[in-house]
**Q** 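Quick one: the structure is below, and I'll ask about it shortly.
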Amino acid sequence: MAVINPAKTEVPTVEVTAIAARDVARARSFAKKHGIPRVFDTYDQLIHDADIDAIYIGLPNSHHCEWTIKALQAGKHVLCEKPISNNAQEAETMAVAAEKSGKVLMEAFHYRYHPLIQRVRELILTNAMESPLRHVHVKFAFAVFSSNDIRWQYDLGGGSMMDTGCYTANCVRYLIGEELDIVSATATPLRKDGRVDQSMRAELQTTSGSSVTALIETSMWSLIPRISIDIRGANGQAQITATNWLAPHVVYNNVTLKTASGKKTSESFTKARSTYGLMLEAFADATLNNNRAAILTDAHDAVLNMRLIDSIYTSAGMSIRESRAEK
Ligand SMILES: NC(=O)C1=CN([C@@H]2O[C@H](COP(=O)(O)OP(=O)(O)OC[C@H]3O[C@@H](n4cnc5c(N)ncnc54)[C@H](OP(=O)(O)O)[C@@H]3O)[C@@H](O)[C@H]2O)C=CC1
Ligand SMILES: O=C1OC[C@@H](O)[C@H](O)[C@H]1O
């Protein structure tokens with residue numbers, strides 16, 4: 001739905017013309033419900049169809065690498081769901097495939113395309129706190145109740161650092177504008193499968209050794225949803241906060257600023273469009289008009305994000321998600 005809804009209502013240059021699923025009957029009924037004209041029996045048929053320009057990969061994380069590469073090799077642009085792959089090595093292979101194909105590969109970190117996060121970044125870059133940036137704390141926690149959900153399956157690339165945590169990693173990297181090293185990482189593994197993290201907490205520092213630090217907290221077993229950004233300046237009272245940076249078009253979209261001199265302001269983003277519509281518009285601009293600058297979440301950024309995720313798992317004493325070919 002990350003593509004179907006905005007294509008219908010917000011991005012007229014994009015048309016969802018076909019889908020494929022392992023169970024073709026289910027695909028037919030889905031297509032009927034959403035007004036999608038064509039249904040293919042296999043993913044392979046879909047990516048080789050001559051009338052299709054771009055493929056959206058909404059498969060489990062473990063399948064992103066294989067199908068992204070196949071789609072790129074079939075000459076299609078790809079919008080791939082987050083996290084882009086099971087691990088950094090896969091992401092690197094995907095980035096090389098994108099480069100070779102000359103096609104667009106974009107990771108679906110929709111939040112980055114919204115004016116709320118752009119504003120938070122602008123406040124940092126323009127020193128709106130009137131105090132140097134010192135610490136960025138990003139949270140994304142909610143609850144996944146079904147034990148059958150792909151998010152709980154190691155073999156499908158599950159785990160909280162993968163699902164919700166990939167956003168927090170992406171967000172701190174974006175806001176700080178530098179790559180990060182791990183200071184410490186602590187996971188709560190599932191009792192049923194110790195390879196899968198129910199939650200993760202990671203303290204980070206910049207690779208450049210600057211005085212900026214970060215904390216990310218993520219969970220798939222938090223009965224109270226938490227989505228927040230809390231940024232501190234070197235001066236004790238300098239602060240920027242944002243609630244619901246992930247999907248500000250849905251609910252709660254305030255950004256508050258407290259300067260070092262104590263001045264408080266607040267902005268809300270109630271009139272802004274959906275993160276998904278804005279992301280799809282950028283994808284369309286990059287593919288149809290060859291405006292590659294529209295892409296804020298390219299394959300290179302995806303590799304860096306997966307490297308951070310892998311390092312967090314390793315530092316927490318957990319194994320990284322294996323590539324499917326290794327299984
Ligand atoms: N941007 C966003 O807001 C969101 C992004 N996501 C991302 O999208 C991806 C899919 O998540 P989600 O839609 O929740 O997952 P679902 O389990 O709902 O759907 C995954 C689909 O993948 C297909 N599939 C292929 N092989 C397998 C397999 N071995 N096991 C299970 N499913 C398989 C199935 O389609 P079929 O059987 O029809 O072929 C299934 O419908 C993930 O990467 C996730 O992180 C998820 C939700 C929101
Ligand atoms: O936006 C999201 O919120 C909930 C997650 O489980 C999902 O995968 C993600 O993309």
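Atoms within a ligand are numbered from 1 in the order they appear, just like the ligands themselves.
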**Q** From the options Arg151, Glu81, His110, select the one whose nearest heavy atom is closest to atom 7 (C) of ligand 2.
**A**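 Of the listed residues, Arg151 has the closest heavy atom.
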**Q** So which protein heavy atom does atom 23 (C) of ligand 1 come closest to, and at what separation?
**A**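 In this structure, atom 23 (C) of ligand 1 has Tyr43 OH, 3.4 Å as its nearest protein heavy atom.
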**Q** With atoms numbered from 1 as shown, which atoms in ligand 2 lie under 4.0 angstrom from a non-hydrogen atom of Asp163?
**A**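 Per the distance check, 5 (C), 6 (O), 7 (C), 8 (O).
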**Q** Atom 14 (O) of ligand 1: which protein heavy atom is closest, and how many Å away?
**A**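 That would be Arg151 NH2, 2.8 Å.
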**Q** Can you find an N/O atom of Arg22 closer than 3.5 Å to an N/O atom of ligand 1?
**A**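 The answer is yes, given that Arg22 and ligand 1 share an N or O pair closer than 3.5 Å.
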**Q** Give the atoms of ligand 1, by number and element, whose distance to some non-hydrogen atom of Leu59 is under 4.0 Å.
**A**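 Within the 4.0 Å cut-off of Leu59, ligand 1 contributes 9 (C), 10 (C), 22 (O), 23 (C), 25 (C), 42 (C), 43 (O).
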**Q** Any idea which protein heavy atom is nearest atom 21 (C) of ligand 1, and the distance to it?
**A**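 Nearest protein contact, heavy atoms only, for atom 21 (C) of ligand 1 is Gly58 O, 3.9 Å.
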**Q** Quick check on contacts: which atoms of ligand 2 are under 4.0 angstrom from a heavy atom of Lys82?
**A**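 Heavy-atom distances to Lys82 below 4.0 Å select 7 (C), 8 (O), 9 (C), 10 (O).
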**Q** What protein heavy atom sits nearest atom 8 (O) of ligand 1, and how far away is it?
**A**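 Answer for atom 8 (O) of ligand 1: Glu81 CG, 3.2 Å.
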**Q** Which residue and atom name correspond to the protein heavy atom nearest atom 43 (O) of ligand 1, and how close is it?
**A**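 Its nearest protein heavy-atom neighbour is Asn61 OD1, 2.7 Å.
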**Q** Looking at Tyr174, is Arg121 sitting on its ring face, NZ or CZ under 6.0 Å from the six-membered ring centre and within 45 degrees of the normal?
**A**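 Arg121 over Tyr174 ring: yes.
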**Q** Which residue holds the protein heavy atom closest to atom 16 (P) of ligand 1, what is that atom called, and what is the gap in Å?
**A**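 Looking only at protein heavy atoms, the one closest to atom 16 (P) of ligand 1 is Ile150 CD1, 4.3 Å.
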**Q** Note the single closest protein heavy atom to atom 38 (O) of ligand 1, along with its residue, its atom name and the distance in Å.
**A**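 The closest heavy atom on the protein side is Arg26 NH2, 2.6 Å.
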